[in-house]
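Here the structure comes first, spelled out in structure tokens, and everything after it is commentary.
Keep in mind that the numbers below use all heavy atoms, side chains included, and drop hydrogens, waters and symmetry copies. Numbers for residues simply follow the sequence, beginning at 1.
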Amino acid sequence: MDQRNYSRVAEFVLLGLSSSWELQCFFFVFFNFLYITIVLGNFLIVLTVISEPALHTPMYIMLSNLSVLDVFLATYATPKMIHDFLHEPKTISFEGCMAQIFLLHVFAGGEMVLLVAMAYDRYVAICKPLHYATIMNLGKCTGFVVGSWVIGVIHSLSQLAFTVNLPFCGPNIVDSYYCDLTLVIKLACTDTYIPEVLMLLDSGLMGMTSFLLLLISYTFILVTVRRHFSAGMAKARSTLTAHITVVTLFFGPCIFIYAWPFSNFPVDKLFSVFSTIFTPILNPIIYTLRNKEMKSAMHKLKTQYISPRLPLPGLDLLNCADRRKIEVT
């Protein structure tokens, strides 16, 4: 059939996480709480890094950018999902669907590259500490941050290029809470074998390259840490554990989803929620609770901006006894 005879669908129907009204009410409250926590927690990391000059180092600059990506990664679909819990039908326009696909791959691709850059930073800090200041300068750090966004955009555009022009002429039901590329492609009114292969190669190349680079970096780091036993290496081991945890949480669901990209399993929704909701909320917890510098800077920020003790006018002119009386009253 001539592709010009197809009439493109105007919207897609999202089945969401559950059809139970009780569960949807619970999810509405639960995910609202998680989303607010994600935004506030990651914003706190960014504010802490900006306000504390001691944290103006490559590691913390990249960490603050990871927090920005986490907020965006949680925002591209979560507010829409929360809205849909209390509304029927759960629909999204064709343009909105393509926008979700684009934004997901921008932020996920950018985060992959940034995690590789952070692993390289730890490799230099632990394996080549004497040359760290020379190798990881501000210019290279800026290049890593900008590069992560550029590569994310290029990756996303390459995914969208062979999707947006597919003929979507009838089927429009997506069994997810957002426009999952692997599910949307299957709705096209044409043979989708080539687009599916291209998508798999593109995402697979992006994911496997990032994963292999991370594996190489952490292998060198682990070997170095095992050879040296000192207070500095104990701290490095703690930092390394946090990084490996983040990488596992981020790449684990991605590997599962793209291992069977065009087969819809019931756990796919769970892994999608985990990678776009729980990973962004776990990142600030992992990077702050296991990091003394961040905890100290956050405490300083709290003392300076949230709960400062404002002196009373003329208080310093009084003696200690009178001062105590005023403070009591």
Side-chain angles (χ1 to χ4, degrees), residues 38-39 41-76 98-128 131-161 202-218 221 239 242-243 246-247 249-251 254 275-276 279-280 283-284 286-288 291 293-294 297:
I38 289 170
V39 174
N42 284 285
F43 174 74
L44 178 60
I45 290 180
V46 175
L47 182 62
T48 302
V49 173
I50 292 176
S51 62
E52 179 53 58
L55 298 182
H56 294 174
T57 62
M59 174 184 172
Y60 293 106
I61 291 174
M62 287 189 285
L63 175 59
S64 63
N65 279 273
L66 179 65
S67 294
V68 172
L69 283 170
D70 278 336
V71 171
F72 287 144
L73 189 61
T75 301
Y76 83 95
M98 294 299 109
Q100 280 193 345
I101 293 174
F102 174 76
L103 293 175
L104 167 61
H105 288 87
V106 168
F107 305 140
E111 186 153 332
M112 287 183 184
V113 177
L114 195 59
L115 287 173
V116 173
M118 294 176 71
Y120 176 74
D121 174 81
R122 291 302 85 199
Y123 160 75
V124 176
I126 296 173
C127 300
K128 300 182 179 181
H131 303 282
Y132 179 80
T134 304
I135 297 175
M136 285 302 298
N137 51 49
L138 183 59
K140 182 169 291 186
C141 176
T142 304
F144 280 141
V145 172
V146 174
S148 66
W149 284 93
V150 172
I151 293 176
V153 170
I154 294 174
H155 165 66
S156 187
L157 287 175
S158 65
Q159 294 281 56
L160 202 62
D202 193 341
S203 296
L205 179 63
M206 182 80 174
M208 287 305 300
T209 301
S210 300
F211 186 73
L212 287 176
L213 290 174
L214 286 166
L215 189 63
I216 293 171
S217 297
Y218 288 131
I221 295 173
T239 303
H243 282 235
V246 170
V247 169
L249 292 174
F250 183 76
F251 279 91
C254 293
S275 60
T276 58
T279 299
N283 280 355
I286 291 171
Y287 279 113
T288 54
N291 191 299
E293 288 83 358
M294 283 296 298

Whether over 12 other heavy atoms sit under 6.0 Å from His56 NE2:
yes
Just do the side-chain contact (heavy atoms from CB on, under 4.5 Å) check on Phe102 and Leu157 with the steps written out, would you?
CA-CA 7 Å; Phe102 174 76; Leu157 287 175; 3.6 Å; yes
The single option from Val68, Leu69, Thr276 passing side-chain contact (heavy atoms from CB on, under 4.5 Å) against Phe107
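One option only clears the test, and that one is Leu69.
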Check each of Val146, Val49, Val145 against Asn65 using the side-chain contact (heavy atoms from CB on, under 4.5 Å) test, and report the only one that passes.
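Checked Val146, Val49, Val145 against Asn65; only one passes side-chain contact (heavy atoms from CB on, under 4.5 Å): Val145.
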Any side-chain to backbone donor/acceptor pair from Asn137 onto Thr134? Under 3.5 Å, distance only.
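Indeed, once roles are kept as given, a pair shorter than 3.5 Å links the two residues.
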Please check this pair: side chain of Asp70 against backbone of Ile38, looking for a donor-acceptor N/O pair closer than 3.5 Å.
no
Nearest heavy atoms of [X] and [Y], plus distance in Å:
X	Y	result
Thr48	Leu44	OG1-O, 2.6 Å
Val46	Ser67	CG2-CB, 3.9 Å
Tyr132	Met59	OH-N, 4.1 Å
Gly109	His155	CA-CD2, 4.4 Å
Ala297	Leu55	CB-CD1, 3.6 Å

Just do the side-chain contact (heavy atoms from CB on, under 4.5 Å) check on Ile151 and Met206 with the steps written out, would you?
CA-CA 10 Å; Ile151 293 176; Met206 182 80 174; 3.7 Å; yes
Could you name each residue pair satisfying salt bridge (charged side-chain N to carboxylate O under 4.0 Å, His left out) that touches residues 133-158, not counting sequence neighbours?
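Every pair satisfying salt bridge (charged side-chain N to carboxylate O under 4.0 Å, His left out) with a residue in residues 133-158: there are none.
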With a 4.5 Å limit on heavy-atom distance, are the side chains of Phe211 and Met112 in contact?
no
With a 4.5 Å limit on heavy-atom distance, are the side chains of Met136 and Phe144 in contact?
yes
Approximate separation, where rounding is to 0.5 Å, of [X] [atom1] and [Y] [atom2]:
X	Y	atom1	atom2	answer
Met62	Leu66	CE	CG	10.0 Å
Leu73	Thr279	CG	OG1	8.0 Å
Ile101	Tyr76	CD1	OH	10.0 Å
Ile216	Leu214	CD1	CG	9.5 Å
Ser217	Arg122	OG	CZ	12.0 Å
Leu103	Met98	CG	CE	12.0 Å

Carefully, step by step, assess Lys128 and Tyr123 under the rule side-chain contact (heavy atoms from CB on, under 4.5 Å).
CA-CA 7 Å; Lys128 300 182 179 181; Tyr123 160 75; 3.6 Å; yes
In sequence, state the C-alpha distance, the side-chain angles, and the governing distance for Ile61 and Leu138, and then conclude on side-chain contact (heavy atoms from CB on, under 4.5 Å).
CA-CA 9 Å; Ile61 291 174; Leu138 183 59; 4.0 Å; yes
